[in-house]
Structure formats: C-alpha cells, structure tokens
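Worth knowing before you read on, the calculation uses all heavy atoms, side chains too, and leaves out hydrogens, waters and symmetry mates. In what follows, chains are A, B, ... by sequence order, proteins preceding strands, each numbered from 1.
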There are 2 protein chains.
Amino acid sequence: MDDTKIRNMEEFSSVSGISRPTVSKYFNDPASVRPSTRLRIEDALRRYDFRPNIFAVNQNRKLTKTIGILVPYLADPFFAEIVRMIERLCIAAGYWPIVFSAHGEVELENNALSTLESLRPAGALIAPLGRTSDVDAVRRFTEAVPTVVFDSHVPVGRAFVGSNNFQSIPLMVEYLCRSGEPPCFFEMPPVNPNANKRREAYRQAMERQGFDPMVFKVEARGWDFERTGFEEGGRLIAERAFPTNTILCSNDRLAIGLLSAAYQKGFRVGRGEGCALRIAGHDDHPWSRFSCPPLTTVAQDYRSIAETSVQTLFRVIDGAEAAAEGPDRPEVLFDGKLIMRASA
Amino acid sequence: MDDTKIRNMEEFSSVSGISRPTVSKYFNDPASVRPSTRLRIEDALRRYDFRPNIFAVNQNRKLTKTIGILVPYLADPFFAEIVRMIERLCIAAGYWPIVFSAHGEVELENNALSTLESLRPAGALIAPLGRTSDVDAVRRFTEAVPTVVFDSHVPVGRAFVGSNNFQSIPLMVEYLCRSGEPPCFFEMPPVNPNANKRREAYRQAMERQGFDPMVFKVEARGWDFERTGFEEGGRLIAERAFPTNTILCSNDRLAIGLLSAAYQKGFRVGRGEGCALRIAGHDDHPWSRFSCPPLTTVAQDYRSIAETSVQTLFRVIDGAEAAAEGPDRPEVLFDGKLIMRASA
DNA sequence: ACGATAAATTTACGCGCGCAAAGTTACATG
DNA sequence: CATGTAACTTTGCGCGCGTAAATTTATCGT
C-alpha cells in the first residue's frame, strides 16, 4: 500500500495506467470494462485505495445510488427492526441507504423530506407520521422522488406495503371470543393511520361475532406507548372500567405497559385458572416474547414487508412498475399470524 | 408561490435581484449580508423555494455541515435513544446528522466508516463495535475526520465520553451486598468493551466488600441479549447454578430476559418476603421500568452523554479543543445513578 | 454634503467528475 | 492475414457552486 495520497480520478488513472473515462466507467460498473483492464484498475486500487468523490459523482449523475429511508420514530422497536432489514437489503443491492427519523414531529419530518429530496436519491422508502403529517409536503416529495410508502397508509407514492389490519385484528378478536370473554379494545394514541384502522377492524369483527364493540381511548401521549399503557391502562384497571376481563391493545408496546400495571396492581394475567385478566397485543415486537407473561399477539411479517417494499422500489426505479401514482397506486398487504403465548 | 422551477443559484439570483456571490454568501450565513438584501432574498425564497445543490456546495466547501453518527446496533434501545438525542442536538446547532449502524458486523462498520469518510463530514460521533472492530480502520477514520468516541471505549479519536463503569457497578454491588446476599455477575456476550469493564468493576467491588466474585459467562449470541438472558440465564436458574439468590446482569436487556425466564419457571423475583431471586441490571433502558417486576438498575446519564459528546465535537471542530489524539485524548465519564425498583 | 467604510457587483477560475465525440488500439472470427 | 467490432484513449465541455480580486454602489457619521 503506497501512502502517496491520490487526490482525484485524474491522478488515479495515471498511476493505474488507464485513462480517466475508462476508470470512470469502471466505477459506475466494474463489469463494463474488459477483464484485463479491470484487473489493472483493481490492482492499483489495492495499492492506492482511492474512492471517487461522492459529491462530484452525484452532482453529475442523473441518478444517484442513494436510497432514503424515513420513519416516524426510530426508537420504536418496530421501526428499528424494519429499518435494519431494509438497510441490509439496500446495501446488498449496491445502494446507499440513508436513514432519517421524524422523532414524532411534523417539522422534523418535513426537514427530513426536504434534506432527502436535495440528496436526489434514486428512491425512497417512507413511513410518514400519517395523521399529523403535512400531507402536501409528503405528496410534493413523492412527486419528485420515486417513493414506496410502508406501514403508514397515506395515499401518496408509487406503492404501499403494510400489514392487513382488517385480517389481523379479526383473527385475534375471533380467537379471544371463542376462548373466553369478548375483548374490549384499548386504543393507542392516534399517531398514525394504523390506530384508526385497527379500531375499525375491531368494531367490525366484534359486530360480526354478535358482540358490542367496547373501545377505550385515552389521552394521547405521543410515542411513549408503554407509559400510556401503564398509567392510563393501569388507571382503567384499578377503576374496573373494562367491562370484560379481556383487553386487546392496539399494539404490543401499549400491552407491555398494561401488563406491567396489572402485575404491580396484583392482577394475574393469563388464560389459566386464577387469572383475572387476559391481555393481547399486536405486532409481535422483538421484546414481546419476554414480557411477563409472554404476550399473545399478532405477528406482523417484518421480513416480507421489508423485502416487498425494497423490491417494489427497485422495480419502480427501473421503470418496470406501472405508472400509477397517488391514491390508485398498487397496495400489498400482508396477513398477520396469531402468536399464542401465555397472556391471553 | 411561483411554480417556475429554479434550476440553480444563477437563476435564483436573477429573480431575486441580488448577485450570485451575495446569494451564496447569504446561504453560508444569512446574517452576513445587509438586512435589506437579506429581506429581498428571503422574499424571493418565499416565492420560489430554492435550495442550493448539496453536492455542489459540499464539493467546494472545505468543511461540510454534515455530522456522521455511527453506532454498533441501532435496534438496541440504548443506542436508539442516544442517537435520537444526538440527532436533535446536531439539528439545533445547524448541522446535518446522518446515522449509520454497523448492525453488529465488522464489515458493515467498515463500510459505514468508509462511506462516512467520503462524505467529508465536519465531524463524527462514533460508538465502535469495540472488541470485534477493525481497530486500524477505525483509527484511520479518526485521523481523517474529527471524531468523538462515545460509549464504547476504544483508544482513538479526539475525546471519549461514556459512563463510569467503575463507579456504577460498585454502586450497585454495594447496595446489593448491604441489602441481602452478595450478587453473582451474569455477563453479557462481550460485544463491546463495556462488557469487560463491568466484569472487572464487579470483581474489584466484590473483593473490596470481602466477598469472592462469582462470574457467569455464557455463549455469545450477538446482540440478541434478551434471548441470551432468557435461554442461558433460565438454564442456570433451573440448574440452581447461581450460588446466591442475587444476580447482577451486565445490562438491562440481559436482565429482562432473565426476569422473563424466572417468571416462567415460577421463581418470584424481588426483595420482599417469599421472593426467590433478586435481579438487577445496568443502563436503565427505556423499557426497564415496565418489566415485571420493574427492574432495579443503574441509570446511565443519557442526556449528559449525548450533550457532552456533541458539545465536545463542536469544540474540536472549532479548533477550540486541545490537539491530543489517540490514547491520550481527554475522557469524560459520567456517574451512574442507582434506580431502586422492585426487582432487587 | 462630504469622505470613509461597509457591502454589493462583475468577472473569472477551480473543484472532481459524467459524458459525448472522434480517433486509435485490441481482440475474435473466418 | 484481412475484417469487423468492441474497448480504449484523447479531447473537451458542463454541472452548480465557493471564492478571490477588482470595481462600483450604498450607508453612515460629522
């Protein structure tokens, strides 16, 4: 490894013995040059380790190799996990994923979109805040950047990939009804469209089963779901406000908070003898299997959502996807899977 | 809002009536131009919404406004939370944070460092993998980019900010010793330097108290700590392998897994009558207060670590920090705070 | 109203690379 | 060995902006 610094492609081309345009061609696609010259370039690369200046590259290329990823709250285990998968898939496909989090705030979401757009990415995978999003800003972004929307159902972009709340919630409702008292529904703060969809799915499922829906909505507390489940849910438990012994929470984090409250108040949770409550969740967060008792929930298909989102985006980028954009774009919904554990 | 697209600063300067160099000056520092011309520019900005091309800007500026953040595993709640804070502090200071995760793998860490370096960031905040890092690669990076290392104690960069394991662990050990049986130590897979430091801190603390250290090390399982705590810890509990009823886990995630195993095996955890085990953790993860029972732990000072890291980096960037680099760089360690909850 | 000074303008160059056109060389085929 | 084509080289322009030098204009105090 020679330690003379290579300042630019000009210098590198001279030490490698290959002309600059050919070197440029190599960096855009190593397979596009003759094997013998490829060897000479890669030999020089080993001796001098040079990388083209990203800024100069991206300034001149029409299409960058960047892929933007935007999530509403990266500290949420669901998004942390899905981002992890998406990033790996992008890297494997030769793209540069770059992650932004809105941290639950519209201004930060708009900032991120704006920054992202100015990076001129080849495409973007976004899960908007949803209800609190500046929808016009999001739409403007999706009109400038090929975008796949995931998880948060907002009618923009070139495709939507998410989970089928109208299958997964009824699946759980039916299970709970046939195995005990019908569930009431403990709703998460409506930070995104899933909150409303799940409540509606619950309503419909209950009516189909011939029961009256019982929905409990509490003060919004942003993304601090465990706390909401613990404090508000705990209060409802203590007040005996829930009309049945079975509580379906609109997501696992809420359920984990509620589970904690039940534990501390001495209510035994589970489906066996001597249990005062059944508590179920939704999503199968990475830590749900370690709650006490382990949480019965509906698993979202993380892997499929990540893979389909990424593959769909690649097809859009390659122009292989139909042109429909906005409300009529294609949607892919994955079914949830009942995960039977001890809590319900 | 006029919808004629502005293609570059040239066009924008003509519609705003201000010359391009002055416009350029404005974008580098809005306060550097006369108030009257600033008004004219911002008026045009409202009518045309133009943003300088990032790539062109960064290609020419010696110093970009980018700040790189690298963590070993973004799906870990500790890093998710600390990144959230760091990002906000960077944005507030007018920088562009950009987050990378090594996802627990050296190759991805090296990739991230390489990508990051080619972005020519103003500075970087990194928590290397540590034990498994390619230390030479990390060092090369820190020699090219002003870097503050946090959490993961690796002797490179311009400063280290972390928590003082040799204060926090003894704090917990002393509490456990004076309130019951002396603790054994359940060690996390050695994914980073904290693992070893905490074990050593435990050893020293126990000896100072006049007890024999009892360390339990299990098969490494990467970053899936809850699972390790649940499976391996559960096995140790079932085999009655722990010589005392008190177990100090080297982090909260491990403790949460162990708590879950104890629950399922019917061992009551806590410090009251009828409890078979005491379990304590370290870090005070966001979800530790919602475990069953709530976890007694040592809180890392998230806020101070984030703020000090960022502020130190800014001082290094501004050249206000001493030049020491590598092993002799300054270190700031924050004390942990005992968080008494019900598990120990 | 005047000069002093600050700020804006004009002009020009450079950053590092993508890309196109024209000419040259390498390589496979018969 | 002639031939065709694929790959390479040379040359040169352009991307959008930072920045410097020289010049002109605006602003302020007296």
Novice: Respond yes when some side-chain nitrogen or oxygen of A:S19 is under 4.0 Å from OP1 or OP2 of D:dT10, and no when none is.
Specialist: no

Novice: Roughly, in whole Å, what's the span from CZ in B:R61 to C1' in C:dC15?
Specialist: 14 Å

Novice: Test for a donor-acceptor pair under 3.5 Å between the base of C:dG14 and the side chain of B:N60, counting only N and O atoms.
Specialist: yes

Novice: Provide the closest heavy-atom pair for A:M9 versus A:F27 in the form atom of the first, atom of the second, distance.
Specialist: CE-CD1, 4.1 Å

Novice: Counting only side-chain heavy atoms from C-beta out, which of C:dA20, C:dG18, D:dC17 sits nearest to A:P21?
Specialist: C:dA20

Novice: Indicate yes or no: does B:K25 engage B:D29 in a salt bridge with an N to O separation below 4.0 Å.
Specialist: no

Novice: Has the side chain of B:R20 got a donor or acceptor that lies under 3.5 Å from a partner of the other kind on the base of D:dG16?
Specialist: no

Novice: Looking across every strand, which nucleic acid part, if any, lies under 4.0 Å from A:N58 by heavy atom: base, sugar-phosphate, or nothing?
Specialist: nothing

Novice: Rounded to whole angstroms, how far apart are CD on B:Q59 and P on D:dT19?
Specialist: 13 Å

Novice: Counting just side-chain N and O atoms, does A:N8 come under 4.0 Å of either OP1 or OP2 of C:dC15?
Specialist: no

Novice: Between C:dG16 atom P and A:I6 atom CD1, what is the distance in whole Å?
Specialist: 13 Å

Novice: In whole Å, I'd like the distance from the CD1 atom of A:I54 to the P atom of D:dC15.
Specialist: 23 Å

Novice: Between C:dG18 and A:S24, is there an OP1 or OP2 to side-chain N/O distance shorter than 4.0 Å?
Specialist: yes

Novice: From CZ of A:F55 over to P of D:dG18, roughly how many Å is that when rounded to an integer?
Specialist: 13 Å

Novice: Taking all non-hydrogen atoms of both residues, which atom of B:P72 and which atom of B:L129 are closest, and how far apart?
Specialist: CB-CD2, 3.6 Å

Novice: Quick one: on DNA chain D, does A:V33 or B:R7 contact a more 5' nucleotide (nearest heavy atom)?
Specialist: A:V33

Novice: Indicate yes or no: does A:E105 engage B:R88 in a salt bridge with an N to O separation below 4.0 Å.
Specialist: yes

Novice: Using whole Å, what does the distance between atom P of nucleotide D:dA26 and atom CD1 of B:I18 come to?
Specialist: 12 Å

Novice: Roughly how many Å is it from CG in B:N53 to C1' in D:dG14, rounded to a whole number?
Specialist: 14 Å

Novice: Could you tell me the separation between the CZ atom of B:R40 and the P atom of D:dA26, rounded to a whole number of Å?
Specialist: 10 Å

Novice: Any base atoms under 4.0 Å from A:S36, or only sugar-phosphate, or nothing? Heavy atoms, all strands.
Specialist: nothing

Novice: Indicate, with a heavy-atom threshold strictly under 4.0 Å, whether A:F50 touches base, sugar-phosphate, or nothing.
Specialist: sugar-phosphate

Novice: For B:A56 and for B:K25, locate the closest nucleotide of DNA chain C by heavy-atom distance; then report the residue assigned to the nucleotide nearer the 5' terminus.
Specialist: B:K25

Novice: Which label fits B:W223 and B:Y73: parallel for a plane angle under 30°, tilted from 30 to 60°, or perpendicular past 60°?
Specialist: parallel

Novice: Considering just the side-chain nitrogens and oxygens of B:T22, establish if one lies under 4.0 Å of OP1 or OP2 belonging to C:dA8.
Specialist: no

